[in-house]
Amino acid sequence: MDINKRYTAQSWPDHPETATLEGKNKFVGFWLLLAAETVTFASLFATYLALKDKGPSGMEFTAAGLFELPLVFAMTMILLTSSLTSVYAMYHMKNHNFKAMQAWLGITVLLGLTFLGLEIYEFNHYVHLGFGFTHSAFSSAFYVLVGTHGAHVLFGLSWFIALMIRNSKRGLNMYNAPKFYLAALYWHFIDVVWVFIFTVVYLMGVIG
Amino acid sequence: MAHDTPEKIRSHAEHEFLKKKRSAEMRQQLTSFAIMIFLTLIAFTMVAAGFSTYLIVPIILLLAAIQVVLQLYHFMHLSNKGHGTIAFFMFSGMFVAFITVLALVTIVWW
Amino acid sequence: MSSLAQKKGFGAVLWDYLTTVDHKKIAILYLISGGFFFLVGGLEAMLIRIQLMKAGNDFLSAGLYNEIITMHGTTMIFLAAMPLLLAFMNAIMPLQIGARDVAFPFLNSLGFWLFFFGGIFLNLSWFMGGAPDAGWTNYASLALASEGHGIDFYALGLTISGFGTLIAGINFLVTIINMRAPGMTYMRMPLFTWTTFVASALILLAFPPLTIGLFFMIFDRLFDSNFFVVEMGGNTIIWEHLFWIFGHPEVYILILPAFGIFSEIFAIFSRKRLFGYTALVFATILIGFYGFMVWAHHMFTVGLGPTANAVFALATMIIAVPTGIKIFNWLLTIWGGSIQFSVAMVYAIAFIPSFVAGGVTGVMQAIAPLDYQLHDSYFIVAHFHYVIVGGVVLGLLAGTHLYWPKMFGTMLSEKLGMVTFWFFFIGFHLTFFIQHFLGLFGMPRRVYTFNADQGWDLYNLISSVGALFMAIGIIVLLVNVVLTTVKNVRVGNDPWGDGRTLEWAIPSPPPFYNFAQTPLVRGLDTYWIEKMEGNKEGMIYAEPLGDIHMPNGSIIPFVMSFGMFVAAFGALYFMDDTKPWALAVLVIGLGITFGSMLVRSLKDDLGFYITKEELIEDAKRGGNTDGHK
């Protein structure tokens, strides 16, 4: 693999992410990591479900009373859309269109930042209501589950940004194509987790 | 590097074909996105409309599962060639995830 | 860079090992540090047995005894048995599949250093205000009540080393999936590679629940959350579940690679193809699968209800079946073979009855009503030492003898090896067989002393004498290692003469690129096939001699892990009002880790090439010969 090798759209491999052994290794390894992450989040979800609405006797907060759907709906739409924009980025990556890829990644990052901002606003709101991290078993489980997802969003954003800056001058090659691809996979996975969070935590929370 | 795919320059026709194929795929992705948005809307609407809990919970869980399948198989290309081993590990992960959740919602000795 | 190792100063060697990404050197690092922790854990075991030697002994105080049993279990499982197995996996598995290295050499190094710093951090608790004292299972109800920082050392240390293990697991999986030599289909993989594969898959899926459990523990103890705080709505059973969802697969993570080592030994020293290779492979996979569905048998007495207990009892009994299949396959491999009683083989033969004994008591405990009687008694202690020592430790000792020549190019003395074996084997049964009866007579585990005249005195004394025997055996092994290293008699490619798999077709120790040319695999037991067909080279090749791409060494994994180590101290003292600098330490530590991650990702590391000419030169100088210069 030669990092300086230039490709054209016509010589660019069909599956650049797995065209080299390094790429293949990263690809498989990353999927395995996602399998491990599945179990990680399952443990968090399981704990949340076990501790939902559990707190010191006479606790005033319950999921049904606390969560507000409009904000969660907005966050969901934003994150879902960012998943689509990263698909667009990968579409252009496969067509060896570096500029378009960077642009779509840029949009993805902006959407991700908005999501993160809303999540911080939401947490801040709850804390001001008195529902802090140490308030009850319920609050601990809630913040750790949703916060771990938030940390993943933050990491995914940093990853995108680092990749975009690092490669802005040199364009696509066989060395960075797998990295872009994996960052996008990661982003989809974050979305998958969010689908369960809005369903299990918020929707099932609101109906009690 | 014995494992690398040898470089291959596509002919113009091949290239055009591939481009068409990719944009067809992209249209399919857009469709799955539309479905995801639609499913999400149904889920939120059902909760906002205040149906019975016993009706809502299984349905929204099912909708979530469908969304995840769409993400995995369309956005993340899990159905593509060469994803067999990976899919096996993902499903094993989901299996362990399932029994973990099952255990912690049923046998935590309340 | 590719020339043979010259005589180097100590500093250069140290730097070489700190920055190495070569799987064989990382294996040696695992072997040394795992061996060190094994000795530490062994020392703790000796202290336990001295304390229990006679009734009413006051050699250890109750609190110190709790710390020692906790650290003995934790050290032996996480810091000794697993790293030692990882040592063999690293050293041998890539060679068995004809790969030049693992899939992620950099991560391999990172995995080691995370484990290492996690282990050091955990053991520093001895010098920094007391070790953890809630048992190796660290049940939340005990752990949250424990004073001092011991439990925090446990949770943070295991989190760090757990990350390392997870990384190692992913690395091995990808290596096996992607980097097998041409012709090496899944059903041609040597059994040690298969067991590495399944054990790695278990690591992949079992470590996340532990990590999450440890996170909860850290949050509860250091950041005032309430996961396990009952009066705040928490639930301590959650810890038990998460711990055992990890903990039971962990047992198979330990035993499967040992099974792999034994399978290799039986085939080599019976000079026969493994009987029922396919059945062995499927039994391994099946064990891995069932391994996830039996964890609650550790929790029968918690009160999960008769339905849950019945389900898990049944699953536990079922898992004995594939294990039984393996035992019969091994016996039939030996049957009719031309057996050579080398030390490794003797260990393997001794393993069968020892492990079966441990398995049978396991099935006894699977019967939930009986488990109510046996729970928390010495019967349990006897059982799990029978499977862990009788299975894993015997496997490690056998593996040490079998693979020592491949890792170091010298042969451990067979004579001293036999001495070790007999001391260790007799000592092991002396120590633990009698503990079954102690348990049946009602002696509880984890209690620091006992009253005289309950019929326990003599049995405990016998048990302690047995432990002494084991210690003597291990000391003889150390002497053996030193003598062998000093004598430094080099051996050839296939020192046992009957090697069957690819690792025996290349020099001992192999050149750092393992295979000058990637081999072509024509069947199970490749090397054996080539030998039988009179191929002097022992391999046929899948590619002509050409340039080889190799990864660069790097200090970053070391620095990254060190950052975690520093951050752990910050987290540890976070809640102490007297230590306002803790937050700064936490931030600095994480800064080091994330900073080095950033450096790693921004700096291109493309590795280097060994040219064909250098390879030919190397071959002339002995890199490709049988090691006799």
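Because only heavy atoms are used, hydrogens play no part in the values below, and waters and symmetry mates are left out as well, while side chains stay in. The structure presented is a predicted model; accordingly, all values stated were derived computationally and were not measured. Each chain gets a letter, A, B and so on, in the order the sequences are listed, and its residues count up from 1.
Residue C:N178 holds its CG atom at 13.0 Å from NZ of A:K26, rounded to the nearest 0.5 Å. The distance from atom CG of C:L210 to atom OG of A:S43, rounded to the nearest 0.5 Å, is 10.0 Å. Here the OH atom belonging to A:Y175 is positioned 5.0 Å from the CG atom belonging to C:L606, to the nearest 0.5 angstrom. Residue A:L51 holds its CG atom at 9.5 Å from CG of C:N226, rounded to the nearest 0.5 Å. The CE atom of C:M179 sits 11.0 Å away from atom NZ of A:K24, with the distance rounded to the nearest 0.5 Å.
Contacts of A:L33 with chain C are made by both backbone and side-chain atoms, with heavy-atom separations under 4.5 Å. With a 4.5 Å cut-off on non-hydrogen atoms, C:F215 does not touch chain A at all. If you measure heavy-atom distances from C:L204 to chain A, the contacts under 4.5 Å come from both the backbone and the side chain. Proximity to chain A is limited to the side chain of C:F216, based on heavy atoms less than 4.5 angstrom apart. For chain A, the nearby parts of C:L602 are the backbone and the side chain; heavy atoms of each come within less than 4.5 Å. For chain A, the nearby part of C:L242 is the side chain; its heavy atoms alone come within less than 4.5 Å. If you measure heavy-atom distances from C:F104 to chain A, the contacts under 4.5 Å come from the side chain alone. Proximity to chain C is limited to the side chain of A:F155, based on heavy atoms less than 4.5 angstrom apart.
Contact check for C:T211 versus A:T40: no side-chain heavy atoms found under the 4.5 Å cut-off. Looking only at side-chain heavy atoms (C-beta outward), C:K603 and A:R166 stay at 4.5 Å or farther from each other.
Of the possible polar contacts, none joining the A:N25 side chain to the C:V174 backbone as a donor-acceptor pair under 3.5 Å is found.
Of all the listed residues (A:L32, A:L44, A:V28), the one sharing the greatest number of non-hydrogen pairs under 4.5 Å with chain C is A:L32. Between chain C and the options A:T47, A:N167, A:T38, A:L163, the largest number of non-hydrogen pairs under 4.5 Å is found for A:T47. Among C:E231, C:H241, C:M232, the residue making the largest number of heavy-atom pairs under 4.5 Å with chain A is C:M232.
Scanning residues 178-195 of chain A against chain C with a 4.5 Å heavy-atom cutoff picks out A:K179, ordered by number. Residues from residues 131-150 of chain A that place a non-hydrogen atom less than 4.5 Å from a non-hydrogen atom of chain C comprise A:F133, A:T134, A:H135, A:S136, A:A137, A:S140, A:A141, A:V144, given in numerical order. Below 4.5 Å, heavy atoms of chain C meet no heavy atom from residues 98-125 of chain A.
Heavy atoms only, all atoms of each residue included: C:L205 and A:A35 are closest at CD2-O, 4.0 Å.
For C:D220, the salt bridge (Lys or Arg N to Asp or Glu O under 4.0 Å) test picks out no residue, with sequence neighbours left out.
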